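Notes follow the structure.
These numbers were taken from a predicted model, which means no experiment stands behind them. All ligand and atom numbering here is 1-based and tracks the order in the structure.
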Amino acid sequence: MEQGNRAVLVTGSTSGIGLAIARRYAALGYDVALHSFAAEAEVADLLASVAEGAAGRVRYLRADLSDPVESQALVPAAIAALGRLDILVNNAGIQKVAPVEAFPVADWDRILAVSLDSAFHAIRAALPGMVERGWGRIINIASAHGLRASPFKSAYVATKHAVVGLTKSVALEVAEKGVTVNAICPGYVWTPLVARQVADQARVHGLSEDEVVRTIFLGPQPTKAFVQPEEIAELCIYLSGDMARSITGSAISIDGGWTAK
Ligand code: NAD
């Protein structure tokens, strides 16, 4: 099968990294299902912009991944919309910055559900078809925080480490089945998720917002530059190709040198 005819679901793809990934697959002719928890009418303009010039199908699926029932229904809905699912990109993720003793339990539960449980539910539902066809790609967007810790991000760091572990375990289970399973571990990427943290980080660290960008976000990245969402999208395309068949169970850093330290 030509790469461009393959069907891909990108979770959390109405914003930031997920949107860049979905746009790139669509531009290359893949059949693409975008997803978020917003109603379709709210993202109509964005969907039209992704569909413009796309040779393949572009569909939209709504599911709140903090709800286990909706989360488990997402991949079956993608298979119904696209006819099959060859590539699954588990990208949806959320963040909360607070000291662990003051970490709201509801936020802990929500972060685990959206950033970790959703990947488990999606993988379970996507794998049987991939294994049956002898070809598949699962790409989990983890984080440099899947390999390193930072203070005040206990739930995020815990889920991202868990996503790396889930990636490795599933990769071993299907290693002989033509299905690769990898994690991408980006450093800081300027997206709404990072922009929303600036005020929280300023408060818990007692810094100005400018200092937060300079020291918290760009401090750990030796390049002193944000990663661009398009760089992550291009890595997904590479991992989706047949030449990437031997890359599996990997946690691939794209972090400006952060984890080299
Ligand atoms: P973002 O906030 O811009 O986008 C998140 C997406 O997830 C949106 O489409 C949103 O609608 C969706 N989403 C959030 N909660 C949801 C829910 N309950 N149900 C369904 N969809 C939901 O975030 P981003 O910065 O593009 O991050 C994308 C992924 O990349 C996340 O997993 C994040 O942890 C990871 N990441 C981001 C950075 C960074 O610096 N931005 C770095 C490393 C890893």
Side-chain angles (χ1 to χ4, degrees), residues 9-23 33-40 42-43 46-47 50 60-75 77-78 89-97 106-107 109-119 121-122 139-150 153 155-164 166-167 183-198 201 212-213 216-221 223 225-233 235-236 251-256 258-259:
L9 165 66
V10 185
T11 71
S13 44
T14 55
S15 170
I17 295 168
L19 176 58
I21 295 170
R23 270 194 203 289
L34 288 91
H35 153 266
S36 85
F37 56 2
E40 184 156 358
E42 288 173 41
V43 292
L46 186 148
L47 293 173
V50 175
Y60 177 72
L61 302 167
R62 199 214 69 84
D64 182 348
L65 298 179
S66 67
D67 177 329
V69 175
E70 292 192 25
S71 194
Q72 287 173 55
L74 177 58
V75 163
V89 182
N90 285 309
N91 167 77
I94 52 173
Q95 173 65 284
K96 168 83 185 174
V97 179
D107 285 310
D109 290 344
R110 191 173 173 82
I111 290 174
L112 261 69
V114 174
S115 310
L116 175 61
D117 297 355
S118 72
H121 294 312
I139 302 170
N140 298 320
I141 307 301
S143 169
H145 282 114
L147 306 169
R148 298 285 188 278
S150 294
K153 294 187 172 181
Y156 189 81
V157 170
T159 55
K160 293 302 185 181
H161 275 68
V163 165
V164 170
L166 173 68
T167 300
I184 294 179
C185 298
Y188 283 115
V189 188
W190 189 258
T191 67
L193 179 139
V194 164
R196 281 192 296 268
Q197 283 178 62
V198 174
Q201 291 277 16
V212 164
V213 171
I216 307 281
F217 293 137
L218 296 182
Q221 282 185 194
T223 52
F226 285 102
V227 179
Q228 298 302 312
E230 291 73 20
E231 298 172 50
I232 298 163
L235 183 52
C236 289
I252 303 168
S253 292
I254 176 162
D255 64 5
W258 178 341
T259 51

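Under 4.0 angstrom from ligand 1, the non-hydrogen atoms of V189 come from both its backbone and its side chain. Residue contacts with ligand 1 for R110 involve side-chain atoms from C-beta outward but no N, CA, C or O (heavy atoms, distance under 4.0 Å). Under 4.0 Å from ligand 1, the heavy atoms of S13 that appear belong solely to its backbone. With a 4.0 Å heavy-atom cut-off, ligand 1 is reached by the side chain of K160 but not by its N, CA, C or O. With a 4.0 Å heavy-atom cut-off, ligand 1 is reached by no atom of W190. At a heavy-atom distance under 4.0 Å, no atom of S118 approaches ligand 1. Residue contacts with ligand 1, taken as heavy atom pairs separated by less than 4.0 Å, involve L65 via backbone and side-chain atoms alike. If you look at L19 next to ligand 1, there are no close heavy atoms at all, none under 4.0 Å.
Using a distance-only test at 3.5 Å, with no hydrogens or angles considered, no donor-acceptor pair links the side chain of S71 to the main chain of D67. Between the R62 side chain and the F37 main chain, a donor and an acceptor come within less than 3.5 Å of each other. Without hydrogens or angle criteria, H161 side chain to H145 main chain gives a donor-acceptor distance under 3.5 Å. Listed for the S13 side chain is a donor-acceptor partner under 3.5 Å among the backbone atoms of H35.
No side-chain heavy atom of I139 sits under 4.5 Å from any side-chain heavy atom of N91. You'll find the side chain of Q201 stays beyond 4.5 Å of the side chain of V198, heavy atoms only. I232 places a side-chain heavy atom less than 4.5 Å from the side chain of I21.
Aromatic ring centres of Y188 and F226 lie farther apart than the 6.0 Å criterion allows.
Annotation: atom 18 (N) of ligand 1 to nearest protein heavy atom, D64 OD1, 3.0 Å. In terms of protein heavy atoms, atom 44 (C) of ligand 1 is closest to A142 O, 3.1 Å. Annotation: atom 24 (P) of ligand 1 to nearest protein heavy atom, T191 OG1, 3.5 Å. What sits closest to atom 9 (O) of ligand 1 on the protein, heavy atoms only, is T14 OG1, 2.9 Å.
The minimum heavy-atom distance linking S143 with C185 is given by the pair O-CB, 3.3 Å.
Comparing heavy-atom distances from atom 29 (C) of ligand 1 across L61, I17, N91 singles out N91 as nearest. The heavy atom nearest to atom 20 (C) of ligand 1, out of those in S15, S143, A63, A92, is found in A63.
Defined by atom type and a distance below 3.5 Å, a donor-acceptor pair is present between the side-chain atoms of T259 and S253. Side-chain atoms of Y60 and T14 form no donor-acceptor pair, as typed in the model, at a separation below 3.5 Å.
At a distance under 4.0 Å, a protein heavy atom can be found next to atom 1 (P) of ligand 1.
Annotation: G12 places an N or O atom under 3.5 Å from an N or O atom of ligand 1; distance criterion only.
Assignment of Q95 to the shell around ligand 1 is not supported, since no heavy atom sits closer than 4.0 Å.
Against a heavy-atom cut-off of under 4.0 Å, G16 is close to the following atoms of ligand 1: 3 (O), 26 (O). Atoms of ligand 1 found under 4.0 Å from any heavy atom of I94, numbered from 1 in the order shown, are 14 (C), 15 (N).
Between R23 and E230 there is no salt bridge, since no side-chain nitrogen of the basic residue lies less than 4.0 Å from a carboxylate oxygen of the acidic one.
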